[in-house]
Amino acid sequence: MRILYVEDEKLLADAVTHLLEKSGINVDWADNGEDGLRLAKKPVYDCIVLDIMLPKMSGLEILEIIRKQGIKTPVIMLSALSEVEDKVKGLEIGADDYLAKPFKTKELIARLNALTRRPALRETKTLKFEDLVLDLNNRTINGVALTEKEAEILEMLIKSGDKTVQKDYILAHVWGADMMAEDNYVEVYMSYLRKKLKSLKSKVEIKTVRGLGYKLMVK
Ligand code: CA
């Protein structure tokens, strides 16, 4: 595997590159956005690992340009944990994955292996609503892991747009034939989801429509 690694922090880049090469991954390193962009256009990489904050040109700009030019090399964005908006933007403009800094190189290697096993043109199953990106393949919302049921509920809410989803409908579809499921399961899961949306600082909230059900709304 050969990757392009765009990162301006030399000490970090050296350490990560060393570990990647030890596990058999060939790394070309660029320490600024301009060189990163020039190299990213080469059709020789299995994956591009792209930091967001870079001198001369940001990782997001590079990503946007190469995707507009039809370059489909898988991209893993790197960003500080707090930069939720950058992550969302990155996924929206075509990043395949991202990793919050600081990260373990082991984790990066696992992501690289996962991404390069799939064909570059693989279809990503994502749904968007305002600043939320629900990834049904990896079962995450803006990168935060969801349980199976949480993902199913969010999928329903996003797909129904501004229409209210009835509580009974959710219960029947998510819990199905589980006769032990109680009405308040839905409420409990809504509170889990609300906490997750809040932790993401999303502008979207789950609104309770009294006596009917739930819908997504912008605050
Ligand atoms: Ca940086």
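Heavy atoms only: backbone and side chains are in, while hydrogens, waters and symmetry mates are out. Read the numbers this way: they start at 1 and go in the same order the structure lists the ligands and their atoms.
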For residues 7-21, run the donor-acceptor check on the side chains, cut-off 3.5 Å, and write out each pair with its distance to 0.1 Å, sequence neighbours left out.
from	atom 1	to	atom 2	distance (Å)
E7	OE1	K101	NZ	3.0
E7	OE2	E9	N	2.9
E9	OE2	K101	NZ	3.2
K10	NZ	D14	OD2	2.8
T17	OG1	A13	O	2.6
E21	OE2	V27	N	3.1

Please output the side-chain donor-acceptor pairs of residues 31-42 that fall under 3.5 Å, not counting sequence neighbours, one pair per line with the distance.
from	atom 1	to	atom 2	distance (Å)
N32	OD1	E34	N	3.0
N32	OD1	D35	N	2.9
N32	ND2	D35	OD2	3.0
D35	OD1	R38	NH2	3.4

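- Between the CG atom of L108 and the CG atom of L112 there is a distance of 4.5 Å, given to the nearest 0.5 Å.
- Looking at every heavy atom in both residues, L60 comes nearest to I93 through O-CD1, 3.5 Å.
- Tally of protein N, O or S atoms closer to the Ca ion (ligand 1) than 3.0 Å: 3.
- Side chain of K196 to backbone of A145: a donor-acceptor contact under 3.5 angstrom is found.
- Counting Ile, Leu, Val, Met, Phe, Trp and Tyr side chains that sit under 4.5 Å apart, directly or through other members, V209 shares a hydrophobic cluster with L212.
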